[in-house]
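Everything below concerns the one structure shown next.
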Amino acid sequence: MNTRAIVVSVGARTALGLDAPQTAFLLRTGVTAIHAAPLVDSQGEPVTMCYLPTLDPRCTGEDRAARLAQPALEEVFAALGLAARALSTRLVVCLGEADGRREDRDAVARGADLAGRIHLAAREILPDVELDVSVRGAAGAAIALGRALQSIADRRIDAVLLGGVHTDYDPAVIARLEEQGRLFTPRNLDAIIPGEAAAFVLLVREDAARAAKLPALARVVGVGTGVDRATPDNDEPAFDARGLTAAVRAAGADLTADQLKVGWSWNDLTFEMRRTYEWQAMVTRTGGLWGEPYATEWPAQRLGHLGAAALPLHMALAVEGWRRGWAPSSIAMSLVGSDGGDRGAVALVQ
């Protein structure tokens, strides 16, 4: 099995926890972050969502995202000391999707400012860290990770600091979800529960991690991507699931070759049935890859929509499960999807 990179440190801040261990343990107990928010919908009713109550309720958008990202980034560096300074590192900041509309072009500009702020914070520890920004939603993290891992394999860099930031705590976002019919309410269950989160993971080439005496928390052994035709804006059948199936098969190729099974999966699904049907079809077609105890985690159903933070958060939570001794399997896979049709999967081994 080919080790693409070693996970040496993780960090997270979510609607449920102030760091990765808090989030992981509270999720394990079944606690949910869902409650009424200070934001209201078009009828003046409080929005049901997951948000971090320790943040100023008047803080929204990119400023709020930056306040989520900063402590998650600090958590990654806190465990490393000065060891990471010698690494040639690329910072990959993953944000929400943009489709070319004027408001999305404005969002891209604001996202660039947010990424710049995160880059500036990272440079306090890693002065020469490169910056790469992905604006392709949840699956964009898998796409960007695949490129970065290729750079690691080619020895152009030693490490990638993969991070994702997402927040729906914004009146404009709530209005857009409501307009699309995708805002969760007691009368609209086939919908998204708005949420917010930030997560970062530092992945290092195996020999570079050993040389720097960095801890090996997990191994990335596969990354896969694909594109599905079904989106929220069309009537294509979700059961087609070709993109997600292709992503999972690619991510699990080495595991399949070694006759190993994934016993623990992490999904970014909330309550939209379109994505659930897609997941069901994929599992049916890739049944040989999955094995006991067939544990499946759906954290977005308790943390809210995770957007671009989903993949790095899944990786951080899997690592915490292995570190703390409660993980159900030594092999895990993260499955993520973007509204535009991009799909991604990443396989991890303890």
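Since this is a predicted model, take the numbers as computed values, not measurements.
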Applying side-chain hydrogen bond (donor to acceptor under 3.5 Å, both in side chains) as the test, list every pair that has at least one member in [range]; sequence neighbours left out.
range	answer
residues 257-268	Trp264-Glu297, Ser265-Thr296, Asn267-Trp279, Asp268-Arg275
residues 42-59	Ser42-Glu178, Asp56-Arg58
residues 193-216	Arg64-Glu196, Arg155-Asp207, Asp158-Arg205, Thr167-Glu196, Arg205-Asp207
residues 26-35	none

N/O donor-acceptor pair under 3.5 Å between [X] side chain and [Y] backbone:
X	Y	answer
Asp228	Gly243	yes
Asp41	Val47	no
Asn2	Asp254	no
Glu97	Ser338	no
Arg13	Leu18	yes
Gln301	Thr270	yes
Thr60	Asp170	no
Asp19	Ala12	no
Asn188	Thr185	no

Of all the heavy-atom pairs spanning [X] and [Y], show the shortest one and how long it is.
X	Y	answer
Val92	Ala144	CG1-CB, 3.5 Å
Ala309	Ala199	O-CB, 4.2 Å
Val336	Ser334	CG1-OG, 3.9 Å
Trp290	Val248	CZ2-CG1, 3.9 Å
Gly344	Ala142	CA-CB, 3.7 Å
Ala345	Ala247	CB-O, 3.7 Å

Kindly indicate whether the side chain of [X], heavy atoms from C-beta on, has any atom under 4.5 Å from the side chain of [Y].
X	Y	answer
Gln350	Ile331	no
Leu335	Met282	yes
Leu202	Leu161	yes
Glu278	Arg343	yes
Pro194	Leu177	yes
Pro232	Arg182	yes
Ile118	Leu131	no
Leu203	Met315	yes

If two hydrophobic side chains count as joined below 4.5 Å and joins carry through other members, does [X] share a cluster with [Y]?
X	Y	answer
Ile6	Ile157	no
Leu149	Val129	no
Val93	Leu114	yes
Leu162	Trp322	yes
Val204	Val7	no

**Request:** Identify, with sequence neighbours excluded, every residue that meets side-chain hydrogen bond (donor to acceptor under 3.5 Å, both in side chains) alongside Arg302.
**Result:**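 Applying side-chain hydrogen bond (donor to acceptor under 3.5 Å, both in side chains) to Arg302 gives none.
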
Quick one: which residue pairs count as a ring-ring contact (aromatic ring centres under 6.0 Å, His included) with a foot in [range], not counting sequence neighbours?
range	value
residues 3-24	none
residues 195-254	Phe239-Tyr277
residues 135-166	His166-His305
residues 116-152	none

**Asked** Take atom CZ in Arg242; do more than 12 heavy atoms of anything else shown fall under 6.0 Å from it?
**Response**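 12 or below, so no.
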
**Asked** With a cut-off of 6.0 Å (strictly less than), are more than 12 heavy atoms of other residues, nucleotides or ligands near CG of Asp235?
**Response**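 Counting neighbours around CG of Asp235, 12 or fewer heavy atoms of other residues, nucleotides or ligands fall under 6.0 Å, so no.
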
**Prompt:** Considering residues at least two apart in sequence or located in another chain, which fulfil the salt bridge (charged side-chain N to carboxylate O under 4.0 Å, His left out) criterion with Asp342?
**Reply:**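 Arg136.
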
**Asked** Excluding sequence neighbours, so at least two apart, what forms salt bridge (charged side-chain N to carboxylate O under 4.0 Å, His left out) with Arg249?
**Response**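 Listed in chain order: nothing, the list is empty.
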
Supply the atom-to-atom distance [X] [atom1] to [Y] [atom2], rounded to the nearest 0.5 angstrom.
X	Y	atom1	atom2	answer
Thr225	Leu244	OG1	CG	11.5 Å
Met333	Leu348	CE	CG	9.0 Å
Leu91	Leu73	CG	CG	7.5 Å
Arg187	Phe184	CZ	CZ	11.0 Å
Thr14	Leu26	OG1	CG	8.0 Å

**Message:** My understanding is that only one of Val201, Val220, Leu145 makes a side-chain contact (heavy atoms from CB on, under 4.5 Å) with Val160; could you say which?
**Reply:**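 The option that passes is Leu145.
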
**Request:** Test Val262 against every option in Thr256, Leu289, Thr286 by the side-chain contact (heavy atoms from CB on, under 4.5 Å) rule and name the one that passes.
**Result:**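 One option only clears the test, and that one is Leu289.
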
**Item:** Test salt bridge (charged side-chain N to carboxylate O under 4.0 Å, His left out) applied to Arg176 and Glu179, step by step
**Value:** CA-CA 5 Å; Arg176 184 165 65 250; Glu179 179 185 354; over 6 Å; no

**Item:** Sequence-distant partners of Tyr294, ring-ring contact (aromatic ring centres under 6.0 Å, His included), two or more places apart
**Value:**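 Applying ring-ring contact (aromatic ring centres under 6.0 Å, His included) to Tyr294 gives none.
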
**Item:** Residue of the set Arg123, Arg90, Arg156 for which salt bridge (Lys or Arg N to Asp or Glu O under 4.0 Å) holds with Glu130
**Value:**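 Option passing the salt bridge (Lys or Arg N to Asp or Glu O under 4.0 Å) with Glu130: Arg90.
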
**Request:** Please lay out, stage by stage, how Asp113 and Arg117 fare under the test salt bridge (charged side-chain N to carboxylate O under 4.0 Å, His left out).
**Result:** CA-CA 6 Å; Asp113 178 67; Arg117 292 161 71 173; 3.8 Å; yes

